[in-house]
2 protein chains.
Amino acid sequence: MNISEAAAESGVPAKTIRYYEDIGLVRPPRLANGYRVFGAAELAALAFIGRARSLGFSVEDCRTLLALEQGGTSHDVKVIAEEHLTRIAAKIAELEAMRGTLKALVSRCRGDDGADCPIMDDLRRPAHATHAA
Amino acid sequence: MNISEAAAESGVPAKTIRYYEDIGLVRPPRLANGYRVFGAAELAALAFIGRARSLGFSVEDCRTLLALEQGGTSHDVKVIAEEHLTRIAAKIAELEAMRGTLKALVSRCRGDDGADCPIMDDLRRPAHATHAA
DNA sequence: CCTTGACCTTCCAGTGGCTGGAAGCCCCAT
DNA sequence: ATGGGGCTTCCAGCCACTGGAAGGTCAAGG
């Protein structure tokens, strides 16, 4: 199986597969002409990475998880997942804070052709005085 | 006022201020010796950018918003803010989907020294079969 | 006057995770 | 033989910084 087939099967773009090889995540063997060859093992690794990435794991996490595939414990995996979960929760909290502030500002903004704008007023505020008096 | 004072006052790191000048967001004048000088206007711009960035606006959005400071309408600003709000909401939704899946997997993972792990099982799944049968 | 040390300057490189594009093989079908 | 679609490599760029090296400048102290 060549790279474009592997891309179609795994859902990982060919360009990205080459990148993953570059950073040592996958190591597909080569034919005499230099073409990469993807077998069941390589395909499984690519799908695994693809799935992990779609859950937001970093490429380094993927590397670790792939290593844990060959003899890691459920505990090892859980630790990685929990740390990732914490990062996700923190990111969500950060975004929700932004959304809250922005929503309030947008709702107070008339959005007409005047220059008066609560959003701009907020941005012009000295520091982080969100919407207090 | 020199760059480190401006950094302290605005909350934007000196390195970042230089970067902002590099990309043309701010244009502080220079002394004969080459040192940047920050007056009230520059300081206000830096604080404005800092605040906008903290609300998640992109640097390009900041550029636009700064331009709107000199004669833009409330409507112009609101459009930018609403688009940004949409992007934030999308990102939150994406992260919450991840969190939901991961939470479920983590809760089902014993986290002991065995190799059996629902998280790994999920990652090994062919495509995007989250937690269905 | 000279040194010290804290500023300031510029420029280069790296972060993460790709992605686009150019230049150049390779292979098969016509 | 030629055309077109693969494949290969490598370089550059995205976003928004950030670290660090090399070197200029300035005020204070000895």
Side-chain angles (χ1 to χ4, degrees), chain A residues 1-38 42 45-46 48-66 80 83-84 87-88 90-91 94-95 98, chain B residues 1-39 42 45-46 48-66 83-84 87-88 90-91 94-95 98:
Chain A
M1 186 182 287
N2 62 21
I3 198 168
S4 63
E5 263 183 291
E9 289 288 316
S10 67
V12 178
K15 259 303 202 195
T16 305
I17 296 176
R18 290 194 193 98
Y19 168 71
Y20 286 162
E21 187 188 18
D22 227 44
I23 62 172
L25 264 195
V26 287
R27 307 181 190 280
R30 305 288 187 122
L31 292 178
N33 62 13
Y35 285 24
R36 291 168 184 85
V37 190
F38 297 83
E42 285 78 24
L46 285 176
F48 182 96
I49 297 165
R51 175 72 179 137
R53 293 288 300 128
S54 83
L55 287 178
F57 284 104
S58 72
V59 164
E60 280 318 298
D61 280 344
C62 290
R63 195 189 299 279
T64 307
L65 290 169
L66 277 173
I80 309 268
E83 283 171 2
H84 180 42
R87 284 193 298 268
I88 288 177
K91 191 73 191 166
E94 187 190 342
L95 289 171
M98 288 177 186
Chain B
M1 186 183 289
N2 62 21
I3 198 168
S4 62
E5 262 184 293
E9 288 289 315
S10 68
V12 178
K15 264 286 199 203
T16 304
I17 296 176
R18 290 195 193 98
Y19 168 70
Y20 287 161
E21 186 188 21
D22 226 45
I23 62 172
L25 264 195
V26 286
R27 308 182 189 279
R30 306 287 187 122
L31 292 178
N33 62 12
Y35 287 22
R36 291 167 184 84
V37 191
F38 297 83
E42 285 77 23
L46 285 174
F48 183 96
I49 297 166
R51 174 75 180 136
R53 294 286 301 128
S54 83
L55 287 178
F57 284 104
S58 71
V59 164
E60 280 319 298
D61 279 344
C62 290
R63 194 190 300 279
T64 308
L65 290 170
L66 276 173
E83 284 171 3
H84 180 41
R87 285 193 298 269
I88 288 177
K91 191 71 191 168
E94 186 191 341
L95 289 171
M98 289 177 186

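Per chain, numbering begins at 1; letters A, B, ... match sequence-line order. Note that the coordinates shown come from a computational prediction; the quantities given were computed from them, not determined experimentally.
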Separation between CG (B/L25) and CD1 (B/I49), nearest 0.5 Å, reads 4.5 Å
Counted 5' to 3', the first and last nucleotides of DNA chain C within 4.0 Å (strictly under) of a heavy-atom of chain B are C/dC7 to C/dC11
Scanning both residues in full, the closest heavy-atom pair of A/Y35 with A/N33 reads N-OD1, 2.9 Å
Residues passing the side chain to side chain donor-acceptor pair (under 3.5 Å) test with B/R53, sequence neighbours excluded, are none
Ranking A/A14 and B/T16 by the position along DNA chain D of their nearest nucleotide, the one closer to 5' is A/A14
CG of B/L66 to CG of B/L46, rounded to nearest 0.5 Å, is 9.5 Å
Check: protein-nucleotides 1-4 of chain D nitrogen or oxygen pairs below 3.5 Å:
none

A/V12 and A/G50 have their tightest heavy-atom pair at CG2-CA, 4.2 Å
When rounded to whole Å, the OH to C1' distance for the pair B/Y19 and D/dG19 reads 15 Å
Value for NZ (A/K91) from CZ (A/R87), rounded to nearest 0.5 Å, stands at 12.5 Å
note: B/D22, atom CG; D/dC15, atom P; distance rounded to Å ~ 15 Å
B/I49 atom CD1 is separated from D/dA16 atom C1', nearest whole Å, by 13 Å
Would you find a donor on one side and an acceptor on the other, under 3.5 Å apart, between the side chain of B/E42 and the backbone of B/G39? yes
Would you say B/Y20 places a side-chain N or O within less than 4.0 Å of OP1 or OP2 belonging to D/dA16?
no
When the rotation axes relating C1' atoms of four end pairs to the next four are compared across the helix from C/dC1-D/dG30 to C/dT30-D/dA1, five pairs an end, they differ to 10° by 40°
What one should report as the nearest heavy-atom pair of B/I88 and B/L55 is CD1-O, 4.1 Å
For B/V37 and B/P28, the nearest pair of non-hydrogen atoms, with its separation, is O-CB, 3.4 Å
Taken in chain and number order and not counting sequence neighbours, the residues that satisfy side-chain contact (heavy atoms from CB on, under 4.5 Å) with A/S4 are A/N2
What residues 25-39 of chain B contributes to the DNA chain C interface at heavy-atom separation below 4.0 Å is B/R30, B/G34, B/Y35, B/R36
A/I3 CD1 to D/dT9 C1', in whole Å, measures 12 Å
Nearest heavy-atom contact between A/P13 and A/A7 is C-CB, 4.1 Å
For A/I3 and A/F38, the nearest pair of non-hydrogen atoms, with its separation, is CA-CE1, 3.6 Å
N-O pairing of A/E21 and A/R18 below 4.0 Å | no
